[in-house]
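A short write-up of the structure that comes next.
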Amino acid sequence: MDRPLRLISTDAIVGTPIDALARTIEALLVVASQPLSVEELSAAAGDDAERVETALGLLRERYAEGRSGIVLERVSGGYAFRAAREAAEACGRLFERPVERGLSQAALETLAIVAYMGPVSRPEIARIRGVAADSTVASLVERGLVAEAGRESAPGGAVRYRVTPLFERVFGLDTLAELPRLDDLGGEREAIRERLLAVAEARAS
Amino acid sequence: MDRPLRLISTDAIVGTPIDALARTIEALLVVASQPLSVEELSAAAGDDAERVETALGLLRERYAEGRSGIVLERVSGGYAFRAAREAAEACGRLFERPVERGLSQAALETLAIVAYMGPVSRPEIARIRGVAADSTVASLVERGLVAEAGRESAPGGAVRYRVTPLFERVFGLDTLAELPRLDDLGGEREAIRERLLAVAEARAS
Amino acid sequence: MASAVRDLELDLDAFEGPFDLLLTLILKEQLEPAEIDIAAIVVAFVQRLSRPTPLGREGREEIDLDACGEFLVLIAALLEIKARQLFPEEGAELAELEPEEAAEELARRLAEYRRMKEAATWLRERLQGELERYFRLGPAPLAPRAERRLAAQDPQGLATALRGLAVPPPKVSLSHMALRFPPVAQFLERFRAVLRRRRVFDFDGEVAGLSRVEQAVAFLALLELRKAGEVALAQAAPFAPIRVSRDEQERMTQWTVRSA
């Protein structure tokens, strides 16, 4: 591997350059408030992306589940430290989970609509669920799972919403593309259509 | 290079109780947003304080300055992880935000309401925008563009907000009197306010 | 027994308590019908029906019929009110479609909702699997403080933002005005006025000639009066006219109604 910084690195105690870079990345990750992408790490460390990837490889081994109480995970388009799963019980005694605690069925359905169809407005959500969405959306915004994303293009248009990086983090997703593809339900749709038609005909006759 | 987790990743030692406890403490510290005392750690880990002290001793060695990018620091109130000093420059770059070019629609609307109609409370901003204003106002306060300005006169009245000198600087205004005129909306503060509230009401119905 | 409906305990997102309290709150306009998940009420009622009755003396089928009758009337009225609130314009839109097109459109919406319900189920299961992942929310205890800096801004942007908020919402077609249901209070007043003049009146006669929506609202008003103890109701037989009388003793247990 090409290590352009080797010559500059002065002293055996500091370690090889890639190890110094790994220490810098450890430092960045332990103070960061959210997952850091390779680009962000590379910009902050002042090193190139390829070498950051190499250092991350080292760190993922060192901070693997079962080897350390700190685990390095890839999530929400970046890298972040979290607690090891084996420490979940201890964490549960000390920390609350305000974001996901008590998410109602209504909240989950609304979240699904925003995740799959966002940016989407409250009237659109209400149309799909058949229930006004105002209080549910407000509670998701308060939890930080959903955020405003501009207004509908027409003047006086409704505010639209999208899911946040925190949503990806809570649900352990790297990107929204990891959401499962929903079955087209083509056959079912046909069946519903025919039932409705039959009802309409019965009424007309 | 120093591998901070070498002790617990060595097979012979993995699983000894004190190392398991040390891993639990690592996990608790990496999740905490404030320093944790020995009592808190001991209660969460379900282990006695003396053994927690022993484990902390191990960890202070492992996460000592110069050995890892993560340093375990003893501060008033307990223990917390911080970034190593050698990474100070990189951390500085991480937290130095690039100059932001613009504001979100939500921030711009809220700022406009506070600038033209301030001092104004969050409930009133929410009424005009038709969307809860809490998180947007909080973020504008954090950015120093908006500040508290007393409470509404009624007992228990809501906190009101005004724009700050930083706001005037950013928008290139010497005084708020230099804000663009809104003659098409009625010109005067009260007229504009009534107009906006009437539209908001029409939107909500 | 009709109270099987009114005492029905509900645990909805927007409301928790007995069904008659829910109705009262809607009548007093303290609760938005749009916020109420009607399907959940139906599920609760069906579960209640399927529970065996503790008293063996009364025939179960008879109890079911009474309860079902009252329930159907109330839930249909609620549905109609809610539908008109949620889709003021769409009722007209759908009515203009051919039956095939309307069925296609409804099927599309049902399928879409169905997919979103599946997605919600997936999210719930996913969340369950992620409960062991703890991470920090907010900044690290000893992290340096971040400062956000903002480039110079044009004050015209503020004026534009306020003008955007002053744009009236898109014009709503007037067609739904004709569909608007009258306020319940209107019927409360009307029935009270009638009862001040006469001790007894005939509900069916009083609402004859009104639209179905108006009749449904009138019936809700009647229930509200009865709940408040202002009137007593009597019906000689199923589908017979409902006689409304000033409070006093009330013997009515039959709730089958022809007019709504």
Side-chain angles (χ1 to χ4, degrees), chain B residues 27-36 71 73 75 77 80-83 88 91-92 94-103 105 108-113 115-117 128-130 142-145 166 169-173 178-182 184-185 192 195-196 198-200 202-203 205, chain C residues 29-35 81-82 84-90 130-183:
Chain B
L28 291 167
L29 289 173
V30 88
V31 175
S33 37
Q34 62 230 358
L36 296 177
V71 172
E73 178 90 23
V75 292
F81 283 137
R82 66 165 169 82
C91 288
L94 179 67
F95 283 91
E96 170 191 300
R97 307 271 188 93
V99 175
E100 290 169 49
R101 289 176 46 205
L103 292 156
Q105 184 66 21
L108 200 57
E109 287 176 7
T110 306
L111 215 42
I113 292 168
Y116 279 94
M117 268 159 281
I128 293 172
R129 290 195 61 230
E142 195 211 307
R143 303 175 70 160
L145 294 170
L166 174 63
R169 234 174 16 254
V170 164
F171 282 86
L173 305 166
E178 287 177 21
L179 282 167
R181 302 228 8 117
L182 288 171
D184 49 328
L185 299 186
I192 298 172
R195 169 84 174 265
L196 290 176
V199 171
R203 203 185 296 129
S205 67
Chain C
E29 292 175 8
Q30 287 167 0
L31 198 61
E32 281 287 310
E35 298 277 352
I81 290 171
K82 178 176 164 181
R84 289 189 193 287
Q85 274 212 336
L86 271 183
F87 309 114
E89 298 154 276
E90 287 187 29
E130 300 300 308
L131 282 182
E132 289 183 346
R133 277 174 60 248
Y134 277 85
F135 55 85
R136 191 182 61 240
L137 283 176
L142 304 176
R145 257 189 74 79
E147 275 189 31
R148 297 176 74 170
R149 290 169 302 157
L150 185 60
Q153 301 291 309
D154 181 358
Q156 282 300 337
L158 297 168
T160 308
L162 269 201
R163 287 198 179 96
L165 288 172
V167 174
K171 271 265 183 288
V172 179
S173 79
L174 290 176
S175 63
H176 80 283
M177 296 300 287
L179 298 174
R180 273 184 86 94
F181 59 90

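Order of the sequence lines sets the chain letters (A, B, ...), proteins ahead of strands, with each chain counted from 1.
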Part of [X] lying under 4.5 Å from any heavy atom of chain C:
X: B:R101; value: backbone
X: B:F81; value: backbone
X: B:L94; value: neither
X: B:R129; value: both
X: B:L173; value: side chain
X: B:A83; value: neither
X: B:V170; value: both

Legend entry - B:L108, B:L179, B:L196 screened by side chain to side chain contact (heavy atoms under 4.5 Å, CB included) with C:L162, the one that passes: B:L196

Between [atom1] on residue [X] and [atom2] on residue [Y], distance to nearest 0.5 Å:
X: B:L185; Y: C:L165; atom1: CG; atom2: CG; result: 9.5 Å
X: B:R169; Y: C:Q153; atom1: CZ; atom2: CD; result: 14.0 Å
X: B:L29; Y: C:R136; atom1: CG; atom2: CZ; result: 11.0 Å

Nearest non-hydrogen partners of [X] and [Y], listed with the distance:
X: B:R181; Y: C:R163; result: O-NH2, 3.5 Å
X: B:G102; Y: C:L150; result: O-CD1, 3.8 Å
X: C:A159; Y: B:L182; result: CB-CD2, 3.8 Å

Inset, instruction - Go through the atoms of C:P139 and report whether side chain, backbone, both or neither lie under 4.5 Å from a heavy atom of chain B. - result: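 The answer is the backbone of C:P139.
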
Inset, instruction - Counting only heavy atoms closer than 4.5 Å, note whether C:Y134 contacts chain B via side chain, backbone, both or neither. - result: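 Its backbone and side chain both get close to chain B.
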
Legend entry - Best-contacting candidate, B:A80, B:A27, B:G92, B:C91, against chain C by heavy atom pairs under 4.5 angstrom: B:A80

Legend entry - Residue, of B:E178, B:R143, B:E109, that accumulates the most heavy atom pairs under 4.5 Å with chain C: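 The candidate making the most pairs under 4.5 Å is B:R143.
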
